[in-house]
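Working notes, beginning with the structure itself.
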Amino acid sequence: GSGDAQEQTARSLFDIDNPCIELTCLKKAEDGRGIIVRLCNMTDRPEQASASPLFAHETLHETNLMEEEDAKTDLPLNFGPFEIKTLRIT
């Protein structure tokens, strides 16, 4: 279906080195500053992953769900069970 095509396109724009971590959202930021990516740990155990945009970018910041920046993100990312992380790419 079209969902498969959208997932393939999203994965071709973003590299995640852990198959337990899924890209669940790739969209323009609400305030227009960059792109928002949401990653989800699909397991009931802690996981770690490096995630990299496959396009030119300057910064990667973790945000809350309201897209308010917290801090520059260090990789790899540490996920709790079923945790969702939101990243801003500029």
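Keep in mind that this is a model prediction, so the values were computed, not measured.
Nearest approach of Leu77 to Ala51, heavy atoms of both residues: CD1-CB, 4.5 Å. For the pair Asn18 and Ala49, the tightest heavy-atom approach, listed with the atom from each and the gap, is CB-CB, 3.8 Å. Across all non-hydrogen atoms, the minimal contact from Asp17 to Ser50 is OD1-N, 2.8 Å. Counting all heavy atoms, side chain and backbone alike, Gly34 lies closest to Thr90 at CA-CG2, 4.0 Å. Pairing each heavy atom of Met42 with each of Phe82, the nearest pair is O-CE2, 3.6 Å. Heavy-atom minimum distance, Glu22 versus Ile16: C-CD1, 4.4 Å.
In this structure, the separation between CD on Glu62 and CG on Leu39 is 9.5 Å, given to the nearest 0.5 Å. With rounding to the nearest 0.5 angstrom, the CG atom of Leu26 is 8.0 Å from the CZ atom of Phe14. Taking CD1 from Ile21 and CG from Asn41, the interatomic distance works out to 4.0 Å, rounded to the nearest 0.5 Å. The CD1 atom of Ile35 lies 8.0 Å from the CG atom of Leu13; values are rounded to the nearest 0.5 Å. Atom OG1 of Thr59 is separated from atom CZ of Arg33 by 9.0 Å, given to the nearest 0.5 angstrom.
Applying the salt bridge (charged side-chain N to carboxylate O under 4.0 Å, His left out) test to pairs two or more places apart or on separate chains, those with a residue in residues 47-59 are Arg45-Glu47.
By the 4.5 Å heavy-atom criterion applied to side chains, Thr63 and Leu87 are not counted as neighbours. Put simply, the side chain of Arg38 reaches to within 4.5 Å of the side chain of Leu65, judged on heavy atoms. When side chains are defined from C-beta on, Phe79 does not count as touching Thr43, because their heavy atoms never get closer than 4.5 Å. Counting heavy atoms from C-beta outward, Ile36 and Thr86 have side chains that approach closer than 4.5 Å.
Partners of Lys27 under the side-chain hydrogen bond (donor to acceptor under 3.5 Å, both in side chains) rule, at least two apart in sequence or in another chain, are Glu30, Glu67. For Ser52, there are no side-chain hydrogen bond (donor to acceptor under 3.5 Å, both in side chains) partners at least two apart in sequence or on another chain.
Side-chain atoms of Gln48 and Asn78 include a donor-acceptor pair closer than 3.5 Å.
Taking hydrophobic clusters as Ile, Leu, Val, Met, Phe, Trp and Tyr residues chained together by side-chain heavy-atom distances below 4.5 Å, Phe55 shares a cluster with Leu60. Ile89 and Ile84 are members of different hydrophobic clusters when ILVMFWY side chains are connected at heavy-atom separations under 4.5 Å.
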